[in-house]
Amino acid sequence: MKLLPPEVVTASYILAAVLFILALKGLGNPRTARRANLLGAGGAAIAVLAYLLSVEIRNLWLIGLAVGVGAVIAVFAARRVQMTQMPQLVAAFNGVGGGAAALVALVEAGHSESPWTLVVVAVTVLIGSVSLTGSFVTFGKLQGIMTTRAVTFPGLPVIMVLLVVAAVGLGAALVVTGDTLFAFVLAVTGLILGVLLVLPIGGADVPIVISLLNAFTGLAVAASGLVLANVLLLIAGTLVGASGTILTIAMAKAMGRTVTGIVFGAFRAHVAGTASDTANDRPVRTMDPDDVAILLDYAQRVVIVPGYGLAVAGAHHAAAELAELLGSRGVDVVFGIHPVAGRMPGHMNVLLAEANVPYESLVEMDEVNPRFKTTDLVLVVGANDVVNPAAKTSPGSPIYGMPILAVGDAQQVVFLKRSLNPGFAGIENELFYDPKVSIVLGDAKQTLTKILSTVKTAA
């Protein structure tokens, strides 16, 4: 039984679309991000409820069961997944969204004879399938299930070209014949293509790939809106696709990359330079937390550079407390934030906001780089690739061309690291061997806690 007239449904969809737009706008600022998430969730709830009340529903118990299972998974993920695992969670959810769009299109393929609809079905199935497996390969790289290095093998470019040609042919066959078998084979082709598309992409470019696949999912959802003649899906998918595309281009530019160079990494995969192959044999200068506290006692300008290691160690609260203590003593302290610090845009900002670090203390790369020349001490906490000079000096490096935080310009640099192992991109950091650079080995949280204790005692 239809409980809502078409006019009310249309009005509900417009309201939901407005809420989605306001949510996207609000997500651009940490201060309004929480409210933006609530607006987006509210818009989704209104849209789903309006649709369910406007159609004849069969198998209501099955829909209720699906909603219940999804709600349980969502609550579990929200409460149990750590902040450090947010990039993986985003990748997984993004893949599920693309897969859902592909499944909707597959079902619709058997109920339509319109060539136009079948064209949209083919596009949706292909993009959604690529997004599904591509996102889960990204998940594997972020989670450490698989290597973060670029994975290539002889003949990979040829196989990718053949898959693209096969996808076009299968899509054309689906449109001409209307046979759903072609749609299923197209889906399998897309699944394989998604894996092969992401495998050759190295760890340094994974954040950009997450954003790119998010744009893919948005396009798939928008296309599914055309298939189902659902205006709201079209609007929501277009918003996600457009915002994901803009973010992808902005991130690629910020990292000195081109989107085409990343997407077609299989054709010219980077190989790490050999200059760092023997780096582990060279001595490094080490110190203990008490030594760092002494350096801080004489410093007037300090920059803390957080990285994924800080997030993994859960050291953000200790870093925030140290910055607050130094600030109360008149020391100029800021956090230098790289565009992809934490392996995902905005990840580090959210993490530090959780520790109540003032937004004004989070200084982006372009603004903080000129400050390093007049900075007395830089604390690099769990970061590596985003400060690695190989991005400027080693053409064979997988991060070559990526803008970095110029911490080497400071008077003193101290790295807080668990080990001297390479970063996410899998390459050594020549900065470790600079005479003005010292390294404190150990858990970042424990190290910062000891430094904080010594600084308090010295007061």
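What you see is a predicted model, and the numbers here were worked out from it, not measured in a lab. Note: hydrogens, waters and symmetry copies are ignored here, and every other heavy atom, side chains too, is used.
To the nearest 0.5 Å, atom CG of residue Leu232 and atom CD1 of residue Ile46 are 10.0 Å apart. Rounding to the nearest 0.5 Å gives a distance of 11.5 Å between OG1 of Thr189 and CG of Leu162. We find the CD1-CE distance between Ile192 and Met160 to be 12.5 Å, quoted to the nearest 0.5 Å. Considering OG1 of Thr248 and CG of Leu212, their distance stands at 5.0 Å, rounded to 0.5 Å. Going from atom CG of Leu197 over to atom OG1 of Thr133 covers 8.5 Å, rounded to the nearest 0.5 Å. In this structure, CD in Gln446 is found 10.5 Å from CG in Leu448, a value given to the nearest 0.5 Å.
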For the pair Asn388 and Leu431, evaluate side-chain contact (heavy atoms from CB on, under 4.5 Å) and give the outcome as yes or no after the intermediate values. CA-CA 7 Å; Asn388 194 333; Leu431 199 59; over 6 Å; no

- Task: Just do the salt bridge (charged side-chain N to carboxylate O under 4.0 Å, His left out) check on Arg371 and Asp332 with the steps written out, would you?
- Result: CA-CA 11 Å; Arg371 297 172 58 111; Asp332 180 10; 3.0 Å; yes

Which is it for Leu89 and Phe139 under the side-chain contact (heavy atoms from CB on, under 4.5 Å) test, yes or no, and what are the steps along the way? CA-CA 8 Å; Leu89 184 65; Phe139 174 88; over 6 Å; no

* Worked check of side-chain contact (heavy atoms from CB on, under 4.5 Å) between Leu239 and Leu24 -> CA-CA 8 Å; Leu239 289 173; Leu24 280 177; 3.8 Å; yes

side-chain contact (heavy atoms from CB on, under 4.5 Å) assessment of Leu233 paired with Val227:
CA-CA 10 Å; Leu233 278 178; Val227 171; over 6 Å; no

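The backbone N or O of Val221 sits less than 3.5 Å from a side-chain atom of Ser224, completing a donor-acceptor pair. Proximity of a side-chain donor or acceptor of Lys141 to a complementary backbone N or O of Ile201 within less than 3.5 Å is detected. Proximity of a side-chain donor or acceptor of Thr32 to a complementary backbone N or O of Gly26 within less than 3.5 Å is detected. Side-chain atoms of Asn369 come within 3.5 Å of backbone N or O of Ala406 as a donor-acceptor pair. Although no hydrogens or angles enter the test, the distance criterion places no donor-acceptor pair under 3.5 Å between the side chain of Thr138 and the main chain of Ile210. The backbone N or O of Arg34 lies less than 3.5 Å from no partner atom in the side chain of Asn37, so there is not a single donor-acceptor pair. Proximity of a side-chain donor or acceptor of Ser129 to a complementary backbone N or O of Leu191 within less than 3.5 Å is not detected. Judged by distance alone, with hydrogens and angles left aside, the side-chain atoms of Asn230 form no donor-acceptor pair with the main-chain N or O of Gly225 at under 3.5 Å.
The two residues Thr454 and Ala293 make their nearest non-hydrogen contact at CG2-CB, 3.5 Å. Shown here for Ala299 and Val331, the closest heavy-atom pair between the two residues is O-CG2, 3.7 Å. Pairing each heavy atom of Thr447 with each of Gly442, the nearest pair is OG1-C, 4.1 Å. A pairwise comparison of heavy atoms in Pro389 and Ile404 identifies CA-CD1, 3.8 Å as the closest pair. Heavy atoms only, all atoms of each residue included: His316 and Leu351 are closest at CD2-O, 3.3 Å. Residues Leu213 and Ser135 come closest through the heavy atom pair CD1-N, 3.5 Å.
Using a 4.5 Å heavy-atom threshold, the side chains of Thr375 and Val378 count as touching. Side-chain contact between Tyr433 and Val437 is absent, with no heavy atoms from C-beta onward closer than 4.5 Å. Looking at heavy atoms from C-beta onward, Asp376 lies out of side-chain contact with Val302 at the 4.5 angstrom threshold. Considering only heavy atoms from C-beta on, Leu377 comes within 4.5 Å of Val414 through its side chain. Counting only heavy atoms from C-beta outward, the side chains of Phe372 and Leu405 approach each other to under 4.5 Å. The closest side-chain heavy-atom distance from Phe432 to Lys417 is below 4.5 Å. Counting only heavy atoms from C-beta outward, the side chains of Tyr359 and Leu362 approach each other to under 4.5 Å. Annotation: side chain of Val380 is not in contact with side chain of Leu416 (no heavy-atom distance under 4.5 Å).
Around the CD atom of Glu324, the shell of radius 6.0 Å holds no more than 12 heavy atoms that belong to other residues, nucleotides or ligands. Counting non-hydrogen atoms of neighbouring residues, nucleotides and ligands closer than 6.0 angstrom, the CD atom of Glu367 reaches no more than 12 such neighbours. The number of heavy atoms from other shown groups lying within 6.0 Å of OH (Tyr298) does not exceed 12.
For the residue pair Thr217 and Ser131, a side-chain donor N or O sits within less than 3.5 Å of a side-chain acceptor on the partner.
For residues 432-445, the salt bridge (Lys or Arg N to Asp or Glu O under 4.0 Å) pairs, not counting sequence neighbours, are Arg418-Asp443.
With Phe415 as the partner, the side-chain contact (heavy atoms from CB on, under 4.5 Å) test is satisfied by one option alone out of Val305, Asn429, Leu441: Asn429.
Contact check on Lys456 versus Glu321 returns a salt bridge, with a Lys/Arg side-chain nitrogen under 4.0 Å from an Asp/Glu carboxylate oxygen.
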